[in-house]
S.K.: 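Have a look at the structure that comes next, please.
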Amino acid sequence: MTPSDEWGPLTRDWRAGGADATIPPLEELRRRERGLRSRFAGLVVGGALLTAGTLLAGAQILRWHPTLPGVLLVLPAVLVVIVLWGLLLFSRADAASAGESSTEFIGAAVADIRRRTATLGILAGLIGVQAFTFLVWAVTRFLERAGSVRPGDGPRWAVSGFAAGLVLAWSLLHRRRLRRELQELEGIHRELSSND
Amino acid sequence: MEADTAQARDFQRLFGAHAASIARLAASFEYDPDEREDLVQDIAFAVWRALPGFRGECSERTFLLRIAYNRGLTHRWRRGRRREAPLSDAAAVADPATDPGALSEQSNRYDLLLHAVRTLPESLRGAALLRLEDFSLKEIADALGISENAATVRLSRARALLRERLGAWEDA
């Protein structure tokens with residue numbers, strides 16, 4: 001029996017069932033589209049204000065504290081803004097998408113990211129990296145003052161902390177996905193083995 | 001204005017031609033009739049918005065059901081996040097695993113199959129749904145963005161699970 005034959009009876013049963021979906025009135029669709037456009041415009045204005053606020057606050061922090069920790073404080077905030085803009089624009093591509101090639105690919109990828117609730121994970125990861133960096137920096141400053149670490153080593157430790165925090169956040173974010181993909185591969189392997 | 005009219009005409013033609021497929025796909029994602037109707041409306045809106053960007057790189061049917069399937073996944077994800085109480089229309093679609101008699105009385109083979117499809121794991125349901133809508137292997141692979149080999153494996157696993165569930169219920 002070929003795969004097509006195997007599905008044949010089921011396909012017939014399936015296609016014989018169910019009622020037709022109701023086609024919604026076009027005016028309703030147009031009204032929803034107008035609402036979506038207004039909401040998107042609101043998000044763009046809000047995003048622009050957030051971006052301007054972040055950049056101004058970042059510039060002010062760097063004026064007050066023109067050191068590496070100051071940069072590390074501002075950098076994640078800027079990254080958060082960039083991520084939010086990316087999600088906003090991709091969400092538009094996703095909404096407008098979905099049948100074909102590149103747009104669909106991006107749309108599907110973003111929808112997939114959303115499904116895995118990685119949006120919050122990314123933001124939490126960036127904030128976590130920021131907090132981790134400052135913890136390292138504060139401990140180093142304390143050790144500097146106590147004489148356990150050479151003066152001036154603080155920034156180097158902060159950079160190491162930033163890198164370690166990034167790696168840690170990235171690993172945590174991807175742990176679940178990697179585990180799921182591994183399970184999927186094991187399933188396919190079992191399937192192929194049983195077919196052999 | 002002319003473009004809008006053309007969009008409206010294309011939408012009505014496309015949606016009308018595949019209304020039954022969309023209803024079946026929505027039913028496979030949602031038990032509750034009210035929520036199912038909302039899902040159909042969401043699918044219609046997504047199709048309406050996507051239609052001007054359709055470049056004919058795949059068939060209209062693939063385009064439409066791919067959108068519908070993606071909307072179904074999003075709907076299920078949102079529903080999961082809301083953590084609602086399970087199935088308000090349990091009486092309308094009894095679980096044959098617990099009450100085989102009820103289903104055999106009330107249902108035809110489509111209902112049995114629908115219930116079996118609903119019990120499939122997410123990763124297999126898409127391939128099974130599209131195969132049941134008579135999609136070819138290549139169309140399934142294109143629609144789901146996977147290789148034909150992966151589609152074959154998924155279909156094989158889905159078929160085995162469906163056979164197992166349907167066999168158990170028909171024997172019961």
Side-chain angles (χ1 to χ4, degrees), chain A residues 1 3-4 6-33 35-37 92-105 107-112 114-117 180 183-185 187-192 194-195, chain B residues 4 8 11-12 15-16 18-24 26-27 37 40-41 43-50 52-58 60 62-64 66-67 70-71 73-74 77 81 108-114 117 123 131-134 137 145 150 152-153 155-157 159 162-163 166:
Chain A
M1 208 180 224
S4 168
E6 276 190 0
W7 284 90
L10 291 183
T11 302
R12 275 194 298 280
D13 289 342
W14 179 258
R15 287 167 67 85
D20 281 6
T22 314
I23 303 178
L26 293 177
E27 194 40 53
E28 171 65 17
L29 295 174
R30 291 190 180 107
R31 192 187 58 75
R32 278 184 74 172
E33 194 168 33
L36 203 64
R37 279 189 188 143
R92 189 159 169 76
D94 175 42
S97 75
E100 296 180 296
S101 62
S102 56
T103 315
E104 170 56 14
F105 176 76
V110 172
D112 195 38
R114 283 204 198 123
R115 271 196 292 281
R116 293 173 188 187
T117 58
R180 193 164 39 229
Q183 283 170 347
E184 179 77 8
L185 280 175
I188 291 172
H189 177 68
R190 270 198 304 274
E191 174 73 20
L192 292 174
S194 66
N195 284 347
Chain B
D4 192 51
F11 171 80
Q12 285 180 316
F15 206 84
H18 300 286
S21 297
I22 288 174
R24 286 191 292 267
E37 186 53 35
V40 169
Q41 301 302 309
I43 292 170
F45 184 55
V47 172
W48 170 260
R49 296 200 69 218
F54 179 57
R55 291 182 300 276
E57 290 172 6
C58 60
E60 285 186 339
T62 305
F63 171 76
L64 186 76
R66 186 175 189 178
I67 293 172
N70 286 341
R71 283 294 133 190
L73 287 177
T74 306
W77 174 69
R81 287 183 72 200
N108 55 24
R109 292 189 61 81
Y110 166 73
D111 293 318
L112 273 174
L113 189 51
L114 176 62
V117 167
S123 61
R131 186 67 195 89
L132 289 169
E133 289 296 339
D134 214 17
L137 195 61
T152 307
V153 171
L155 283 174
S156 162
R157 292 166 71 183
R159 182 69 188 89
L162 286 177
R163 191 187 296 139
L166 291 170

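Just so it is clear: chains get the letters A, B, ... in the order the sequence lines come, proteins before strands, and each one is counted from 1.
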S.K.: Under 4.5 Å from any heavy atom of chain A, what part of B:Leu64 do you find: side chain, backbone, both or neither?
M.R.: neither
S.K.: Compare every heavy atom of B:Gln41 with every heavy atom of A:Arg32, then report the nearest pair and how far apart it is.
M.R.: NH1-O, 3.6 Å
S.K.: Rounded to the nearest 0.5 Å, what's the gap from CG on A:Leu10 to CG on B:Leu112? Could you check?
M.R.: 11.0 Å
S.K.: How long is the gap from CZ on B:Phe45 to CD on A:Glu28, to the nearest 0.5 Å?
M.R.: 9.0 Å
S.K.: Is B:Glu37 close to chain A through its backbone or its side chain, or both, or neither, when contacts mean heavy atoms under 4.5 Å?
M.R.: side chain
S.K.: Please state whether the side chain, the backbone, both or neither of A:Leu26 comes within less than 4.5 Å of a heavy atom of chain B.
M.R.: side chain
S.K.: Under 4.5 Å from any heavy atom of chain A, what part of B:Ala27 do you find: side chain, backbone, both or neither?
M.R.: neither
S.K.: Just verifying a value: how many Å separate B:Leu114 CG and A:Asp13 CG, rounded to the nearest 0.5 Å?
M.R.: 12.0 Å
S.K.: Is the backbone N or O of B:Glu133 less than 3.5 Å from a side-chain atom of A:Arg15, with the two atoms forming a donor-acceptor pair by type?
M.R.: yes
S.K.: Select one option (side chain, backbone, both, neither) describing which atoms of B:Val117 are under 4.5 Å from chain A's heavy atoms.
M.R.: side chain
S.K.: Which one of B:Leu155, B:Val40, B:Leu137 has the most heavy-atom pairs closer than 4.5 Å to chain A?
M.R.: B:Leu155
S.K.: Identify the heavy atoms of B:Tyr110 and A:Trp14 that sit nearest to each other, and give their distance.
M.R.: CD1-O, 3.5 Å
